[in-house]
Amino acid sequence: MKIKKNYLLLLPFTITVLQAQNSNLYYSGIFLNSKNKAQNFLKVYNKNSGVYELTDADGFAIIAAQPNDTLVWNQGKSIRAVSSYQLMELKNILKNQVTHTDVPNIYSKTYDSLVSRKNKDDFGLKNSKELGKGSDRYFEEIKTLKLNKDSSYTLKKLNQRILFLNGSFTSSLNVKTRNGIPVTQNQYVQGRSENGNLVWKGPETNEMFSFGPDMSTLAFNGQPYPYDQNGRLIPWTNGLQQAKSYHNDLFKTMVGHSNQLNVNAFIREGSLEKIRLSLELRQQKDQIYFIDQFNLANAFKTKLNTNFGGYILNLSFNYEENKATNTNRIGFFNRIYQNSLLTPASFSNTQQNLLSDGSQRRYSQHADNPSFLFVQDNKYRFQANQRQFGLNASKTWGDFKLNIRQAYETNHLWNQDQYKPSTFGFSNGISNERIQNNGLYHSNIQANYELDDYDFKNVFDLNFILNDRKSDVYHSLTNRKYTYQRTSQDYIFNYNMEIREGDFEANFNLGNSFYISNTSDKNNYWLPKATGYIRFNDVFNWRNYDFKVSGSYIHLSSEPEMTRSYASYTTTLLKAENYYQYFPVQEVEGFRGLSNINTREWKVGARMNYGYNISIEGEYFNRKTKDDVFPVFENNQLIVKNMADHTYSGVEFNFAYDRLQFAYNLSMNTRISYFKYRNMVDRVAPGFNNTIVSGFQDIYKTLTENQVLGAVMGSHFERNADGQLIIDDSGFPKKADGMKIIADPTPDFVMKFNHSLTYKRFSLDINWEWKKGGQLWNGTQAVLDYYGRSYDSGVERNIKNYIFQGVHANGNTNQTPVDFYDPHRNVQENRWSRYGYLGVAENYVQKADYVRINNISLSANFPINNTQRSLKLTLYVDNIVLWQANKGVDPNQNFYDTDNGRGLDFFNLPSFKTFGCIVSFKF
């Protein structure tokens with residue numbers, strides 16, 4: 001061999017080098033290209049150390065390595081893990097390349113012919129002429145021996161079958177605590193001003209305001225009182241114990257856990273896997289928001305994979321069930337949270353739930369006691385189960401491949417939405433049973449033909465997709481059943497061309513698809529697609545300095561998901577102060593007759609690799625959506641309509657630095673991403689401009705032409721042409737008539753950072769995020785201000801003779817001093833209550849910037865007895881909000897947990913930080 005000759009020539013010159021490198025280890029072997037052929041100058045790269053070597057013409061290479069290092073070649077498509085027994089010193093590898101031949105004995109032909117005789121097996125089966133065509137001639141054990149008509153035999157060998165069993169067991173434990181919530185004042189009690197004095201007013205007065213006297217000036221009288229076991233509040237005098245505020249925090253530290261078992265059993269016949277059975281069992285319990293609120297999830301999944309003579313068959317079955325004590329479908333948790341924050345500091349929600357007459361014990365008949373709302377007859381008010389059946393079959397005939405997939409899924413969801421009698425807004429109580437059943441059938445037939453050549457590859461692909469969806473939703477309160485059905489077909493034609501020429505690569509994909517549906521008013525037969533990239537490898541002959549340019553254009557047609565509920569849109573029928581009437585029981589009337597939602601998206605991007613460590617990529621995208629669908633109420637019916645066109649565009653940049661080596665066993669990978677986007681409304685159908693997307697009647701996210709989709713619309717102060725505030729005759733800023741756009745939830749940019757530090761068997765991962773810009777409306781703060789429960793209204797209520805900057809209607813500068821809370825005036829004339837329940841929305845627009853740690857995890861992997869068995873331990877913490885610009889909860893939380901409610905904070909539920917531990921055993 002050529003390479004052996006090279007090493008023979010080099011051997012005299014390497015003796016001294018070998019002495020110096022005795023302690024270094026190397027790996028040697030054959031490395032083949034993507035076509036499993038030997039190739040000269042094939043680059044083999046050690047991912048751990050960063051070194052690389054090139055193969056010779058026989059695919060042989062020697063590369064420095066350590067145990068557990070990873071070798072890659074063929075642009076990372078081929079990977080080989082190095083074991084300790086595969087490593088040798090360089091001198092031993094070189095010696096093994098030299099052919100050692102013993103000197104043969106010399107024999108005379110005459111003598112040899114006399115004393116030697118060839119050993120011939122005249123009766124062996126391997127050389128028998130009686131074995132017919134199709135017989136196995138190399139075997140160890142015989143499976144069948146069959147006599148043919150021509151007196152020959154057909155012999156089949158017996159392959160050894162081995163059963164393998166492996167899997168893993170994972171168990172986790174997590175502890176959750178809430179992130180920030182609005183700070184409330186606990187200094188002033190329930191009450192208001194009367195005749196110049198601050199007066200405590202007990203729950204029997206139905207007082208909602210907390211503009212009463214200072215808690216430190218009061219004491220409990222200790223006399224029987226149905227609303228407080230400590231008695232009524234009276235002015236404090238010597239000898240009485242001063243009253244102390246009650247704390248009505250509902251949030252507790254919560255503990256959850258999960259267990260998961262995965263088992264794989266498979267049979268190998270020689271090197272071929274004939275059959276595999278996989279099982280997965282999962283059980284999980286999570287606490288939800290408040291104490292004694294939780295959900296349970298159980299899952300069973302199984303998959304059977306078989307190979308019958310090239311016919312690959314996969315069968316799968318999944319079953320999942322969920323149970324929850326409550327859900328937030330009717331804003332139940334928001335209602336509890338709101339009443340908890342608004343409860344005056346002088347009232348305890350926990351003492352008892354009921355009065356002697358059986359009615360709810362609460363601080364006002366215009367509010368609720370959260371403890372009372374939690375009382376329920378059934379343990380679970382939500383149950384759901386899902387069943388999935390799947391069949392996948394594929395077969396390859398040379399360059400032609402056929403794949404058939406069939407799947408059927410059923411979903412059953414049950415909600416019991418209920419408020420007991422004496423609940424505010426539902427004095428007689430209310431109950432609704434919501435039952436939803438979904439049936440989803442999916443069929444996919446895909447065929448492709450490949451003209452395979454390493455340098456020039458062509459693939460023709462035809463894909464047919466059939467989806468049949470059925471859904472029905474029943475509400476017992478209205479005794480109404482909604483039924484939906486849709487059958488859609490996708491025909492996708494695709495051509496892919498791949499070119500490789502030295503250091504040049506190119507890939508181009510062209511296609512078209514049809515979309516046909518029985519609920520669409522018009523089918524679409526022209527949905528073109530074009531994607532591609534060009535890549536230059538080893539630019540300027542610098543190894544792994546690569547440059548790639550890519551682009552794509554895709555045209556898609558779709559329809560609104562009909563298994564999704566739009567019932568939460570009912571909030572748009574209410575003003576914010578009537579939140580307590582929210583109890584959604586209406587679903588969309590139907591989905592027929594709508595135009596398709598047509599999306600045209602194009603992208604342009606580039607990527608550069610600098611050596612083996614650094615990569616930079618960027619992309620610009622523009623997605624234009626026409627005839628998008630939004631919900632709306634018409635004639636007291638909830639319908640969906642094609643209402644608007646909008647364009648979602650932006651840029652994304654990514655930077656990666658891999659394998660930053662600090663020491664031999666210590667390295668770090670770093671990734672940074674930058675994301676910026678806008679979603680602008682281009683057109684709104686006539687009569688629907690300024691349509692509510694989500695929110696209430698008097699504060700909402702809007703669909704407005706030439707504005708950001710989801711901009712916040714609300715009340716505002718009156719200003720003159722120069723932008724100065726108009727001050728009314730009383731000295732306070734004047735509230736303007738009507739509404740206007742007051743906030744844009746879109747951030748200026750979002751940056752994400754990922755750092756992964758590896759040391760021996762340990763790894764530390766840190767993911768954090770910085771969002772700059774964007775705004776939200778803090779309605780929670782507005783309502784807390786209105787009722788005197790906010791921290792600001794407690795601290796600032798004694799401010800006097802304050803002069804607001806602005807001008808009067810006549811243009812004169814304001815010089816009128818005001819007291820923020822004047823006891824001689826009606827309580828609703830103070831600084832916070834004078835503008836009504838929501839105040840002036842413009843005044844509660846806040847920045848939505850934040851810095852958060854999404855995840856920190858520390859993992860350790862411990863092999864067991866140098867086998868495939870291992871134990872992995874992970875400690876982690878999720879969702880730590882380090883800093884936020886707004887006052888209150890996490891700005892990422894959504895209005896009433898709706899998908900498009902970000903930017904509106906009306907008693908949004910807080911997010912949670914999680915501390916957890918995961919133990920995984922692999923066997």
Parallel, tilted or perpendicular: rings of [Y] and [X] (30°, 60°):
X	Y	answer
His475	Tyr482	perpendicular
Phe906	Tyr837	tilted
Phe290	Phe333	tilted

Residue pairs, two or more places apart or on separate chains, that pass salt bridge (charged side-chain N to carboxylate O under 4.0 Å, His left out) and touch residues 580-595:
Arg434-Glu587, Arg480-Glu589
Tell me, which pairs form a salt bridge (charged side-chain N to carboxylate O under 4.0 Å, His left out) where one or both residues lie in residues 323-333, sequence neighbours left out?
Arg329-Asp417
Is a donor from one side chain sitting under 3.5 angstrom from an acceptor on the other, for Ser557 and Asn598?
yes
State, without any angle test, whether Gln376 and Asn326 hold a side-chain donor-acceptor pair at a distance under 3.5 Å.
yes
Is the positively charged end of Arg486 above the ring of Tyr484, judged by distance under 6.0 angstrom from the centroid and angle within 45° of the axis?
no
Think Lys285 forms a cation-pi with Phe294, using NZ or CZ under 6.0 Å from the six-ring centre and within 45 degrees of its axis?
yes
Answer whether the closest heavy-atom distance between the side chains of Phe389 and Leu391 falls below 4.5 Å.
no
Centroid separation Tyr580 to Phe424 less than 6.0 Å:
yes
Using the rule given for salt bridge (charged side-chain N to carboxylate O under 4.0 Å, His left out), can you reason through Asp698 versus Lys575, listing the C-alpha separation, both sets of side-chain angles and the distance that settles it, and then say yes or no?
CA-CA 6 Å; Asp698 45 358; Lys575 289 187 175 181; 5.9 Å; no
List for me each residue that meets side-chain contact (heavy atoms from CB on, under 4.5 Å) alongside Ile692, sequence neighbours excluded, and say none if there are none.
Tyr569, Thr572, Tyr700
Please step through side-chain contact (heavy atoms from CB on, under 4.5 Å) for the pair Met208 and Tyr363, ending with a clear verdict.
CA-CA 8 Å; Met208 288 292 295; Tyr363 74 89; 3.5 Å; yes
Main-chain N/O of Asn248 paired with Ser340 side-chain donor or acceptor, under 3.5 Å
yes
Please step through side-chain hydrogen bond (donor to acceptor under 3.5 Å, both in side chains) for the pair Asp890 and Asn179, ending with a clear verdict.
CA-CA 7 Å; Asp890 185 342; Asn179 282 315; 4.9 Å; no
